[in-house]
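Chain letters run A, B, ... following the sequence lines, proteins first, then strands; residues in each count from 1. Given the structure is predicted, the values throughout are model-derived calculations rather than measurements.
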Protein chains: 2
Amino acid sequence: MRAELMGEITDVVRRHLARDGAAGLSLRAVAREMGMVSSAIYRYYPSRDDLLTALIIDGYNAVGEAVERADAACPRDDHLARWFATGHAIRDWALAHPHEYALLYGSPVPGYRAPEDTIAPATRTAVVLCGVIGDACQTGTLDPPSGFPPPAESFAPDAALIREQVMPDLPDAVIARMVTAWASLLGNVSFELFGQFNNVITDRAALFDHTLRSLGRYVGLPA
Amino acid sequence: MRAELMGEITDVVRRHLARDGAAGLSLRAVAREMGMVSSAIYRYYPSRDDLLTALIIDGYNAVGEAVERADAACPRDDHLARWFATGHAIRDWALAHPHEYALLYGSPVPGYRAPEDTIAPATRTAVVLCGVIGDACQTGTLDPPSGFPPPAESFAPDAALIREQVMPDLPDAVIARMVTAWASLLGNVSFELFGQFNNVITDRAALFDHTLRSLGRYVGLPA
DNA sequence: TAACTACCAGAGCGCCGCTCTCGTTTCGAT
DNA sequence: ATCGAAACGAGAGCGGCGCTCTGGTAGTTA
């Protein structure tokens, strides 16, 4: 009962979010649409920020699941196909849910600090991407191009942590490239979504494909 | 007189923005601090959005100028040094003005659409970066690594436009790499600023340096 | 039956962006 | 010097916001 109502609230909030964006989200409007009064919402979520937190967690899980499904649909030994599929899944999800994407990867909502509960779902997407590269490395398919700089020594502890959690047996250099590639990938999606490509790039799908290919090659996938 | 007061308003607004972020910006609070009543502000800026537009233009010009100065301080034929200087200038400015950076490169403010006046200052930073690569190409120093995919044919018109404006005589492939590198660079800055590197990367300056080097190599600068 | 709990409605507080009116000041043209 | 227009700031007010507090009601347990 209570869980159902909480779900119904987040559903309505998600609809409002999709239409108006995070900052335009009005708790009162949501309550109106549900035939309630605004104060009733507070029985379920103690504040607007907690509602946002729930949406953020849902968002990370949604994009994570989309990426996982895209990955699962590929033959596991075709790492390049998995790389493409997951990369495009991220972009497709972002284009389909721009405001939710902005909530996850855009400027943080002011006065809002992400609670601990969000970090686990947040990693979900990255874990898949790292898994692809990890698998490619373990099957000996990975061939990172030379001529690129190695990471600093100060990166070693971070690399150790990442390696331990998602990329077993990968050298620091590949992990560093993967971090760079990951941030670059999302950066390109954000650029497109946030309008930085307006009046500059017309065929954005093609450019993203080019970027995805390049980043894949950079971390060691075949061209 | 009028211009002075408008400047004073934007100064106060900038201070508030730096402290509270864009969404927390209150026109009334700004008016209070200036000893005015909120309605008086509307004599100078017809709406809160117009005030934001002024701030956005200022922000693009500020980061653009910082990058231009960093570039000018380098010997013009040391393209790698210029690449580093400009790249770090972007990151340094972003770290020093996180909320303004978010206003420029973060999620767009809901209901707000960027007017024409912003696009010219917005390109300023990118123009410098492109100029570095353009100079490197014209002196024959540019050596883009092979093994990376070429851009799609659909990119040709966009490339022509970019070439005409800021990167004369550069082949489409380099221009495409430059676009990717540009978005990737900002993506890495955004990742750091927006908290995506929390609990993951400790020495973020070193990682950014690594990324900057890699992207420079990718577009054709020496390693 | 009585006590307790979960729940929702309503009023209200202080904030917000924005509009409108009204008295004052400033300033250029006559 | 005078007059009229424009610019300006103060104040009140509108509707909306997040959030709190108080009460009343339905359902459950003892």
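We find that B:R15 and B:D11 are not joined by a salt bridge, their nearest charged nitrogen and carboxylate oxygen being 4.0 Å or further apart.
At a threshold of 4.0 angstrom between heavy atoms, the contacts of A:L5 are confined to the sugar-phosphate backbone, with no base atom among them. Nucleic acid contact class of B:Y45 (heavy atoms, under 4.0 Å, all strands): none.
When DNA chain D is scanned 5' to 3' for any atom under 4.0 Å from a heavy atom of chain A, the first and last hits are D:dC17 to D:dG23.
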In B/S/- notation (B base, S sugar-phosphate only, - none; protein heavy atoms under 4.0 Å), nucleotides 14-21 of chain C written 5' to 3' is --BBBBB-
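The aromatic rings of B:H97 and B:W93 sit parallel to each other, their planes meeting at less than 30°, with 60° as the upper class boundary. Between B:Y105 and A:F191, the ring-plane angle classifies as parallel under the 30° and 60° cut-offs.
The backbone N or O of B:A62 sits nowhere less than 3.5 Å from a side-chain atom of B:R124 that would complete a donor-acceptor pair. The main-chain N or O of B:A159 is never found under 3.5 Å from a side-chain atom of B:D172 such that the two would form a donor-acceptor pair.
Partners of A:S39 by side chain to side chain donor-acceptor pair (under 3.5 Å), not counting sequence neighbours: none found.
With contacts defined as side-chain heavy-atom distances shorter than 4.5 Å, the pair B:Y101/B:L95 does not qualify.
In this structure, A:R177 forms a cation-pi arrangement with A:Y218, its terminal cationic atom sitting closer than 6.0 Å to the ring centre and no more than 45° off the ring axis.
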